[in-house]
Amino acid sequence: MQKAALSALPAVRALGRHAGRDPLTLYWTASGIELLFDGAELWVDFACDYALYEPWVSVELNGAWYVRFAVSPGQRRVWLLSLPATTAGTYGARSHPGTAAHRAAAEVLTAFLKEKL
């Protein structure tokens with residue numbers, strides 16, 4: 001697994017009102033982050049502290065709603081996505097996928113979404 005600070009990633013865009021960059025503070029309503037991702041798994045570290053209003057995160061994947069959850073107080077690492085890796089003779093999550101890889105990724109995503117809903 002490769003771990004990177006937000007400021008080290010090349011294709012990250014902060015949306016709406018925010019403070020700082022590392023860490024990126026997204027306290028205000030409708031603030032967010034957009035990123036291009038090329039990999040098999042995506043994990044995000046959250047740091048949260050509140051006394052009154054519970055913050056929620058909504059995640060979209062390629063423009064489609066993916067998951068929504070409350071952020072618990074404290075430090076927390078959240079697993080957002082895991083796709084099949086590239087195997088010999090096929091294309092997978094780390095390169096332009098072919099038909100077989102699309103099918104495998106769709107099966108993983110379908111199972112994941114069914115579990116979450």
A side-chain contact here means heavy atoms from C-beta on lying under 4.5 Å apart; do W56 and S58 qualify? no

Hydrophobic cluster membership, L24 vs L15, 4.5 Å side-chain cutoff: no

Tightest non-hydrogen contact, residues V59 and F69, listed as CG2-CE2, 4.3 Å

Would you say W43 and L6 are hydrophobically clustered, going by side-chain heavy atoms of ILVMFWY under 4.5 Å? yes

hydrophobic_cluster_shared for L9 and V57, side chain cutoff 4.5 Å: yes

When rounded to the nearest 0.5 angstrom, what distance separates CD in E115 from OG1 in T110? 12.5 Å

Are side-chain heavy atoms of T25 and H18 found at a separation under 4.5 Å? no

Steps toward side chain to side chain contact (heavy atoms under 4.5 Å, CB included) verdict (V71, Y50): CA-CA 10 Å; V71 181; Y50 60 90; over 6 Å; no

Enter the distance from E60:CD to Y66:OH here, rounded to the nearest 0.5 Å. 13.0 Å

Do you know which two heavy atoms are closest between C48 and S72, and how far apart they sit? CB-O, 3.5 Å

Check residues 26-36 and write down every donor-acceptor pair under 3.5 Å in which the side-chain atom is one partner and the other belongs to a residue at least two apart or another chain.
{"from": "S31", "atom 1": "OG", "to": "W28", "atom 2": "O", "distance (Å)": "2.7"}
{"from": "E34", "atom 1": "OE1", "to": "R13", "atom 2": "NE", "distance (Å)": "3.0"}
{"from": "E34", "atom 1": "OE1", "to": "R13", "atom 2": "NH2", "distance (Å)": "2.8"}

